[in-house]
Amino acid sequence: MPETELLQKLGLRLVRVGSREEGLYSKFAMLQFRRSDAGEIDPNKVRTVIFEKVQTYGDDR
C-alpha cells in the first residue's frame, strides 16, 4: 500500500481496503478481471482497494 505522503502528492486518499474474507466490493462483482495475457482472474481471489481523488483549492480538474 502506498505511503500517505505519496498519496497526498497524487491527490488521493484511501477510502477502503477490503480483506480477502470480505471478498470483492459488490459494485465490482459483475466485472470480469483478466491478466495482460487475457487469462481470467478468479474474482474470489481479488480484493478491493478504493482511492478517492481529493479536491484541493484551486484544482479545477
Side-chain angles (χ1 to χ4, degrees):
M1 201 54 54
E3 299 290 327
T4 303
E5 184 178 312
L6 176 58
L7 291 175
Q8 288 174 341
K9 285 181 183 178
L10 296 171
L12 299 172
R13 77 176 185 92
L14 182 62
V15 175
R16 179 179 190 274
V17 176
S19 69
R20 292 185 194 268
E21 293 78 29
E22 290 176 307
L24 191 59
Y25 189 51
S26 61
K27 181 177 180 177
F28 306 112
M30 73 304 250
L31 299 176
Q32 288 187 344
F33 297 90
R34 302 221 174 248
R35 292 178 170 62
S36 59
D37 66 359
E40 191 171 340
I41 298 173
D42 181 354
N44 296 316
K45 295 183 179 180
V46 176
R47 65 182 190 158
T48 307
V49 179
I50 300 174
F51 296 99
E52 179 178 68
K53 176 74 174 152
V54 178
Q55 186 71 27
T56 57
Y57 181 76
D59 184 5
D60 56 357
R61 286 181 269 166

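Predicted model only: the values in this text are computed from it and were never measured.
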Side chain to side chain donor-acceptor pair (under 3.5 Å) partners of Glu5, counting only residues at least two apart: none
Joint hydrophobic cluster, Leu6 plus Val49, side-chain heavy atoms closer than 4.5 Å: yes
In one Ile/Leu/Val/Met/Phe/Trp/Tyr side-chain cluster, 4.5 Å: Val46, Phe28: yes
With sequence neighbours excluded, residues passing side-chain contact (heavy atoms from CB on, under 4.5 Å) with Asp37: Arg35
Sequence-distant partners of Glu52, side-chain contact (heavy atoms from CB on, under 4.5 Å), two or more places apart: Arg13, Val15
Heavy-atom closest pair, residues Thr48 and Tyr25: OG1-N, 2.8 Å
For Leu12 against Lys53, the heavy-atom pair lying closest together: CD2-CA, 3.9 Å
Steps toward side-chain contact (heavy atoms from CB on, under 4.5 Å) verdict (Leu24, Phe33): CA-CA 11 Å; Leu24 191 59; Phe33 297 90; 3.5 Å; yes
Worked verdict on Gln8 versus Val54 for side-chain contact (heavy atoms from CB on, under 4.5 Å): CA-CA 8 Å; Gln8 288 174 341; Val54 178; over 6 Å; no
